[in-house]
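After the structure tokens below, expect a handful of questions from me.
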Amino acid sequence: MEIENNLPKTFEPEASQDRWYDEWMKQKCFKPRPGKQGKTFTVLMPPPNVTGKLHMGHALDATTQDTLVRYKRMKGFETLWIPGTDHAGISTQAVVEKLIWKEEKKNRHDLGREEFLKRIWHWKEQYGSEIVNQQKKMGVSCDWDYSCFTLDDIPNQAVKKFFVMLFNEGLIYQSDYIVNWDPVLQSAISDAEVEHKDVKGFFYHVKYRVKEDPNITLIVATTRPETMFGDTAVAVNPNDERFKDLIGKTAIIPISNREVPIIGDEHVDMEKGTGCLKVTPGHDFNDFEIGKRNSLPIINILNKDGTFNKNAPEIEGLKPKEARAEVERILIELDLLVEKKEHMNSVGHGQRSDEIVEPMVSKQWFLNTTQMAEDAVKAVEEGDMTFFPKGWENTYFAWLKNPKDWCISRQLWWGHQIPVYYCRHCDAKWAAETDPSECVECKGKDFFQDPDVLDTWFSSGLWPLSTLGWPDEQAMKEKGFDRFYPNECLITGFDIIFFWVARMMMMGMKVTGKVPFNHTYIHAIVRDKQGRKMSKSLGNGIDPLDMVKQYGADAMRFTLAAGSGYNRDLNLDPERIEGYRNFVNKLWNAFRFVSPFLEKAQDELPVKSEWHLHDKWILAELNDVAKVMNEAMDVYRFDDASAAIYSFVYDKYCSWYIELSKNILYGTNERDKVIRATMLKYCFKKIVALLHPITPFITEEIWSHLSNGQGLLMTQSYVEYDEELENAEVKELMNKFIDVTTGIRNIRSSVNMKPKDEIDVRIFTDDEKLAKFAYDSRRFLKDLANVKSGTIRNKAQARPKKSASLATSFAEIFVPLEGIIDISEQVNRITKDIEKTKAEYSKVEAKLNNQNFMANAPEAVRVEVNQKAKLAQDKLASLNQILASFQ
RNA sequence: GCGAGGUUAGCUCAGCGGUAGAGUCCUUGGUCGACAUCCAAGUUGUCACAGGUUCAAAUCCUGUACCUCGCACCA
């Protein structure tokens with residue numbers, strides 16, 4: 001029979017991807033639709049930066065979320081996936097500033113705030129949607145109508161409302177405090193944005209004279225001698241016998257010769273350094289605390305760009321590194337430097353700028369998070385929000401159980417300007433949700449808004465609320481706030497557990513009293529195949545769009561899903577994507593095989609009495625896969641789900657079911673052909689449904705050929721486990737049949753037979769069911785192992801002499817080839833197998849002889865071990881039979 | 001310093017009390033109507049190390065070594 005097939009030989013992803021994405025959009029498949037569960041399912045996409053380009057982390061985010069969302073949608077939940085983008089204050093401002101500098105050699109101050117912001121908005125309109133288009137290439141099925149930008153009207157309102165609320169409660173306050181100052185951004189940054197890196201530096205021992213007693217010099221140890229211009233005390237431990245008497249006296253700072261008090265403070269560690277500490281409250285976190293305790297003055301010696309100011313005249317205008325060298329030179333000149341030795345120092349760097357941050361005292365806005373943090377901890381402890389995998393709650397707790405006030409002001413222009421107003425006339429200071437027209441106190445018109453903007457994470461923290469319309473009541477109604485809040489699940493990486501997850505928890509609970517989401521699934525960080533972080537400097541980045549182009553979005557997605565379980569690293573090797581591309585193609589070709597027979601297939605399964613054993617078997621196996629996949633998806637084990645369907649498609653459906661079907665489909669019995677075609681089609685529909693959440697494009701493509709106008713696959717029901725289809729007996733029988741077939745192939749291979757050499761096979765078994773089934777299946781054995789003829793007898797019968805042979809625990813297989821085969825080689829094979837089987841047997845035998853085992857092991861285990869012993873014995877007996885046949 | 005995770009086949013990883021698994025790689029053999037992005041057969045492991053608990057340990061406990069990652073400190 002000639003088969004006509006105009007389907008391409010390999011799956012062509014690109015055309016399929018665009019076509020189906022457009023179709024899904026056209027049919028509004030991404031919009032929430034009430035389903036049979038009668039419940040909603042909401043997922044919030046971590047909003048990528050508008051400056052962003054899709055990287056592997058995003059691709060993983062997109063894959064896990066889209067897989068989950070498509071799954072839940074098919075399960076019949078009213079599913080909403082909310083997309084959006086983040087204004088990402090610091091990085092966006094930096095990107096645009098750099099661009100303007102490159103093109104016009106102007107900085108933001110040259111342009112002025114208003115003009116600069118106009119430029120950023122312009123840039124955002126032009127490039128900000130790039131990442132969205134890239135997400136679409138990956139097939140994400142979020143409801144784009146919900147899409148939101150953190151600087152849109154509603155998020156703006158949310159930020160102001162929340163700010164004013166907490167301001168009026170006294171939780172947001174302004175204070176002169178020592179903060180991490182990023183000299184490149186010229187802004188304060190939060191503790192969380194500081195990364196500590198080890199830097200090689202020096203330890204300096206410097207002489208400080210004592211005014212009251214010229215004979216005494218104090219040796220002060222420091223890593224930063226240049227900051228001595230900001231010293232306002234020298235501190236020793238009050239219990240330190242060496243220096244006790246000096247407390248209350250006066251030290252003279254080198255170079256500037258300024259006089260400062262010598263104080264006692266418990267913070268000073270007698271063991272460390274020289275036991276004498278220079279105190280610089282303006283530029284060191286610990287010293288700031290010492291200063292507060294001892295009412296020391298603060299001297300700021302740095303400009304906003306990190307250079308030294310006029311309070312350090314000898315090094316004014318220098319950068320810290322140059323200043324240090326200069327101070328060192330002067331100290332040597334004055335013979336005040338006692339010692340300089342190498343020292344590894346961990347120094348704070350700005351996360352965005354990668355520049356050394358300088359502790360500096362300045363007026364900033366802080367949010368007191370003590371109570372909110374406590375509530376957020378409690379919510380997880382009491383199970384209102386659960387982490388998957390659970391271990392990540394430790395990271396969450398570590399941050400929230402030791403809350404520090406959060407510095408929320410940034411000296412930037414791009415972001416939410418702090419809604420606090422100052423009256424020039426009467427010194428009033430107030431927070432307002434809407435632009436005020438007059439001073440709240442004196443009704444004067446001469447007031448101004450605080451120039452700072454809020455930390456990006458302040459608006460991100462309100463994201464679960466603002467994306468659903470809060471605080472605008474009309475918008476909340478339209479977007480279904482009451483139905484979709486709390487979200488069901490948040491999916492993100494562990495690096496932003498405290499930046500984002502913790503803050504959403506705190507802020508969401510503060511506003512609504514309810515957690516913003518019930519689950520947090522923390523996925524892995526994508527690394528290169530050697531486990532290194534992907535970075536520009538290493539050049540080891542893998543561009544997801546390249547991969548999509550090369551292998552298709554489905555292959556890319558399957559790879560990421562298969563790598564996503566409860567692991568924290570995902571080491572990605574492009575070869576793996578290639579492997580899964582092959583899988584996608586395998587599926588395609590399986591479909592190509594089935595497709596010519598679809599005409600014959602009926603829509604309904606035939607009555608059970610017409611099911612062939614193969615049919616019962618494949619339906620039972622398919623049912624198992626459905627069970628595994630449902631269970632795995634529900635707990636975010638995308639790896640288990642992927643593995644289950646992968647092995648089903650390859651090892652069950654293609655290798656056996658399709659192969660066994662050929663004889664029927666190319667045979668003469670028309671009724672059998674119809675049944676088999678129907679079964680193949682039925683299974684294929686289930687396979688593509690099961691796979692659809694992971695590989696949406698090819699499955700939708702194949703479905704379009706199978707569906708007979710049932711609509712799109714993505715709107716179909718997911719495959720559920722069905723107890724009726726369980727069939728342990730059939731599975732056991734098929735497995736034995738597979739073992740026999742494999743055994744025959746094995747024998748063929750061991751004697752180097754060509755595939756086209758036909759053979760005669762003698763099978764000996766006492767398993768009557770198998771004997772009957774194998775006999776009935778003789779035409780299939782011809783196809784599968786080129787068996788021309790053979791016999792099936794019970795083990796009481798005599799074995800053929802000198803045959804290539806093999807034994808399982810339930811059958812012996814002989815292929816008489818006397819004269820052709822190398823007997824000694826066959827004897828070797830069998831002997832080796834005997835050794836192996838003996839070893840297995842002695843293991844179980846030891847258990848059975850162990851009285852403690854028999855007394856303590858559970859019944860089920862004992863039965864199992866007994867069975868194993870019997871199987872091993874049976875196999876041994878068979879092997880010995882075979883060995884005897886060589887005599 | 002505190003905390004979390006890891007160490008299983010050459011590579012990438014799953015398994016987390018009852019006979020060591022997958023993919024990939026490798027070896028051998030295969031062209032005829034699904035697929036060479038394929039098929040068949042095969043090889044591959046002191047489950048880091050040392051103790052302990054248990055009838056039974058890759059799996060639980062303790063310790064050691066090495067690797068990752070957080071957090072803190074750093075005069």
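Below, chain A is the first sequence line, B the second, and so on; all start at residue 1.
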### Task
Decide yes or no on salt bridge (Lys or Arg N to Asp or Glu O under 4.0 Å) for A:E631 and A:R637, but give the supporting numbers first.
CA-CA 8 Å; A:E631 287 171 359; A:R637 288 303 303 252; over 6 Å; no
### Query
Counting only side-chain N and O atoms of A:R581, is one of them less than 4.0 Å from OP1 or OP2 of B:U37?
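For B:U37, neither OP1 nor OP2 has a side-chain N or O of A:R581 closer than 4.0 Å.
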#### Entry: Interatomic distance where CZ belongs to A:F285 and C1' belongs to B:A75 [whole Å]
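Going from A:F285 (CZ) to B:A75 (C1'), I get 17 Å.
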### Task
May I ask you to evaluate whether A:N582 reaches the phosphate of B:C38, defined as a side-chain N or O under 4.0 Å from OP1 or OP2?
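For B:C38, OP1/OP2 do have a side-chain N/O of A:N582 under 4.0 Å.
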### Query
Can you check B:U46 for me, syn or anti if syn means within 90° of 0?
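Here the answer is syn: the torsion falls within 90° of 0.
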### Query
Start at the 5' end of RNA chain B and walk down; is the nucleotide closest to A:D651 or to A:R637 reached first?
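Checking each residue's closest nucleotide, the 5'-ward one belongs to A:R637.
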### Task
Would you classify A:T742 as touching base, sugar-phosphate or nothing, given that sugar-phosphate means primed atoms plus P, OP1 and OP2, and contacts are heavy atoms under 4.0 Å?
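Sugar-phosphate contact only - A:T742 comes under 4.0 Å of backbone atoms but never of a base.
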### Query
Across the strands shown, which category fits A:V844 at heavy-atom distances under 4.0 angstrom: base, sugar-phosphate, nothing?
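A:V844: no heavy atom of the nucleic acid under 4.0 Å.
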### Query
Using a cut-off of 4.0 Å on non-hydrogen atoms, how would the nucleic acid contact of A:K754 be classed: base, sugar-phosphate, or nothing?
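Sugar-phosphate only.
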### Query
Checking all strands, does A:F397 fall into the base, sugar-phosphate, or nothing category for heavy-atom contacts under 4.0 angstrom?
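Contact class for A:F397: none.
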### Message
Base of B:C35, side chain of A:K586 - is there a donor-acceptor contact under 3.5 Å?
### Response
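Under the 3.5 Å cut-off, the side chain and the base do form a donor-acceptor pair.
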#### Entry: Donor + acceptor pair across side chains of A:T280, A:D231 (<3.5 Å)
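The criterion, which ignores hydrogens and geometry beyond distance, is satisfied for A:D231 and A:T280.
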Pair up each side-chain donor or acceptor in residues 570-585 of chain A with any protein partner under 3.5 Å, not counting sequence neighbours, and list the distances.
residue: A:D573; atom: OD1; partner: A:E575; partner atom: N; Å: 3.0
residue: A:N585; atom: OD1; partner: A:F11; partner atom: N; Å: 3.0

### Task
Establish, with yes or no, whether the OP1 or OP2 oxygen of B:U54 is under 4.0 angstrom from a side-chain nitrogen or oxygen of A:N852.
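No.
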### Task
Please determine if a side-chain N or O atom of A:S655 lies less than 4.0 Å away from the OP1 or OP2 oxygen of B:A40.
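For A:S655, the contact criterion (side-chain N or O under 4.0 Å from OP1 or OP2 of B:A40) is met.
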### Query
Using the C1' atom in both, what is the distance from B:G21 to B:U43, to the nearest Å?
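Per the computed distance, 16 Å lies between those C1' atoms.
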### Message
Can you measure A:Y396 atom OH to B:C69 atom P for me and round it to whole angstrom units?
### Response
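Rounded to whole Å, this separation is 26 Å.
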### Query
Rounding to a whole Å, what distance do you find between A:K390:NZ and B:A4:C1'?
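Going from NZ in A:K390 over to C1' in B:A4 covers 14 Å.
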### Query
Mind checking whether A:F593 and A:Y666 have parallel, tilted or perpendicular rings, split at 30° and 60°?
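It falls in the perpendicular class, over 60°.
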### Query
Nearest to the side chain of A:R745 - B:A14, B:A41, B:G29?
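Nearest to the side-chain atoms of A:R745, counting from C-beta on, is B:A41.
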### Query
Distance between the P atoms of B:C16 and B:A20, in whole angstroms?
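Each nucleotide's P atom is 15 Å from the other's.
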### Query
What is the distance, rounded to the nearest whole Å, between atom CD of A:E845 and atom P of B:G18?
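So the CD-P distance, A:E845 to B:G18, works out to 23 Å.
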### Message
Any side-chain N or O of A:K843 below 4.0 angstrom from OP1/OP2 of B:A20?
### Response
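So the side-chain polar atoms of A:K843 do come within 4.0 Å of the phosphate oxygens OP1 or OP2 of B:A20, strictly under.
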### Query
Expressed as a whole number of Å, how far does the P atom of B:G3 sit from that of B:C61?
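The same atom, P, in both gives a distance of 16 Å.
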### Task
Measure the distance from CZ on A:F498 to P on B:C71 and round it to the nearest whole Å.
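To the nearest whole Å, that distance equals 5 Å.
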### Between A:Y653 and A:F684, ring centroids under 6.0 Å
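Close enough - the centres of the two rings lie under 6.0 Å apart.
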### Query
With sugar-phosphate meaning primed atoms plus P, OP1 and OP2, does A:Y646 contact a base, only sugar-phosphate, or nothing at under 4.0 Å between heavy atoms?
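The answer is sugar-phosphate, as A:Y646 gets under 4.0 Å only of primed atoms, P, OP1 or OP2.
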### Query
Checking all strands, does A:K9 fall into the base, sugar-phosphate, or nothing category for heavy-atom contacts under 4.0 angstrom?
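It contacts sugar-phosphate atoms only.
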### Task
Name the nucleic acid region contacted by A:A590, choosing base, sugar-phosphate or nothing; use a 4.0 angstrom heavy-atom cut-off, strictly under.
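Here A:A590 touches the bases of the nucleic acid.
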### Query
Any donor-acceptor pair under 3.5 Å joining the side chain of A:E659 to the base of B:A34?
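Yes, the side chain and the base share a sub-3.5 Å donor-acceptor pair.
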### SG on A:C683 to CD1 on A:I658, rounded to 0.5 Å
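Here the rounded value is 9.5 Å.
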### Message
Using the P atom as the point on both nucleotides, what is the distance between B:G70 and B:U53, in whole Å?
### Response
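After rounding to an integer number of Å, I get 39 Å for this pair.
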### Query
What nucleic acid atoms does A:H205 come within less than 4.0 Å of, heavy atoms only: base, sugar-phosphate, or nothing?
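A:H205: no heavy atom of the nucleic acid under 4.0 Å.
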### Message
Using a heavy-atom cut-off of 4.0 Å across all strands, would you classify A:Y580 as base, sugar-phosphate, or nothing?
### Response
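No contact.
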### Query
So what does A:T222 hit on the nucleic acid, given a heavy-atom distance under 4.0 Å: a base, only sugar-phosphate, or nothing?
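Touches sugar-phosphate only.
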### Query
Nearest of B:U12, B:G18, B:A34 to any side-chain atom of A:R576?
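For A:R576, the side-chain atoms sit closest to B:U12.
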#### Entry: B:G63 and B:C55, which share atom name P, separated by this distance in whole Å
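So the two P atoms sit 24 Å from each other.
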### Query
Hey, does A:V594 reach any base, or is it just sugar-phosphate, or nothing, if we go heavy atoms under 4.0 Å?
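The residue A:V594 makes no contact with any strand.
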### Query
Is the phosphate of B:A34, meaning OP1 or OP2, less than 4.0 Å from a side-chain N or O of A:K662?
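Yes, A:K662 has a side-chain N/O under 4.0 Å of OP1/OP2 on B:A34.
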### Query
Of the nucleotides B:G5, B:A41, B:U24, which one has an atom closest to the side chain of A:S749?
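Nearest to the side chain of A:S749 among the choices is B:A41.
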### Task
Rounded off to whole Å, could you give me the CG-to-P distance for the A:D833 and B:U43 pair?
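Distance, rounded to whole Å: 10 Å.
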### Task
Determine which pairs satisfy side chain to side chain donor-acceptor pair (under 3.5 Å) with at least one residue from residues 842-853 of chain A, sequence neighbours left out, and list them in order.
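Pairs touching residues 842-853 of chain A that pass the test: none.
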### Message
Strictly below 4.0 Å: does A:K847 bring a side-chain N or O up to OP1 or OP2 of B:G18?
### Response
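False: A:K847 side-chain N/O out of range (4.0 Å or more) of B:G18 OP1/OP2.
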#### Entry: Nearest-Å distance once atom C1' is located in both B:A50 and B:C66
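About 15 Å, rounded to a whole number of Å.
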### Task
Check the angle between the aromatic planes of A:H523 and A:Y521 and answer parallel, tilted or perpendicular using the 30° and 60° thresholds.
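Ring orientation of A:H523 relative to A:Y521: perpendicular.
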### Task
Quote, to the nearest angstrom, the C1' distance that separates B:G23 from B:A14.
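Comparing C1' positions in B:G23 and B:A14 gives a spacing of 10 Å.
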### Query
If the P atom of B:G30 is compared with that of B:C67, how far apart are they to the nearest Å?
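Result for the P pair: 49 Å, nearest Å.
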### Query
Is the A:W588 ring parallel, tilted or perpendicular to the A:H705 ring (thresholds 30°, 60°)?
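It falls in the perpendicular class, over 60°.
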### Query
Nearest nucleotide by nearest heavy atom, which residue falls closer to the 5' end of RNA chain B, A:T10 or A:D573?
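It is A:D573 whose nearest nucleotide is closer to the 5' end.
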### Task
Taking only the side-chain nitrogens and oxygens of A:N856, find out if one of them lies under 4.0 Å from OP1 or OP2 of B:U54.
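No, A:N856 has no side-chain N/O under 4.0 Å of OP1/OP2 on B:U54.
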### Task
Describe the nucleic acid contact of A:D269 in one word from base, sugar-phosphate, nothing, applying a heavy-atom distance below 4.0 Å.
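Base, at least one base atom sits under 4.0 Å.
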### Task
Have a look at A:Y841 and tell me which of A:K836, A:Q873, A:K870, A:K875 forms a side-chain contact (heavy atoms from CB on, under 4.5 Å) with it.
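Output: one option passes, namely A:Q873.
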### Task
Could you tell me whether the side chain of A:T395 has a donor or acceptor atom within less than 3.5 Å of a complementary atom in the base of B:C71?
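Side chain to base: no pair below 3.5 Å.
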#### Entry: Within the 6.0 Å centroid threshold, strictly below: A:W399 and A:F498
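That pair passes the under 6.0 Å test.
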### Query
Could you write out RNA chain B as a dot-bracket string, with dots for unpaired bases, | for bases paired across to another strand, and Watson-Crick or G-U pairs counted at under 3.5 Å?
((((((((.[[[[.)..(..]]]].(((((.......))))).....[[[[[..)....]]]]])))))))....
### Distance-only polar pair, side chains of A:E193 and A:S190, donor-acceptor under 3.5 Å
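Yes, a side-chain donor-acceptor pair sits under 3.5 Å.
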#### Entry: Closest nucleotide among B:A75, B:C35, B:C73 to the A:N585 side chain
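The answer is B:C35.
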### Query
What integer distance in Å separates A:Q550:CD from B:U37:C1'?
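Whole-Å distance recorded here is 12 Å.
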### Task
To the nearest Å, give me how far apart NZ (A:K278) and P (B:A75) are.
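Taking atom P of B:A75 as the reference, NZ of A:K278 is at 10 Å.
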### Task
Could you please name the option among B:A41, B:A4, B:C35 that lies closest to any side-chain atom of A:R592?
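It is B:C35.
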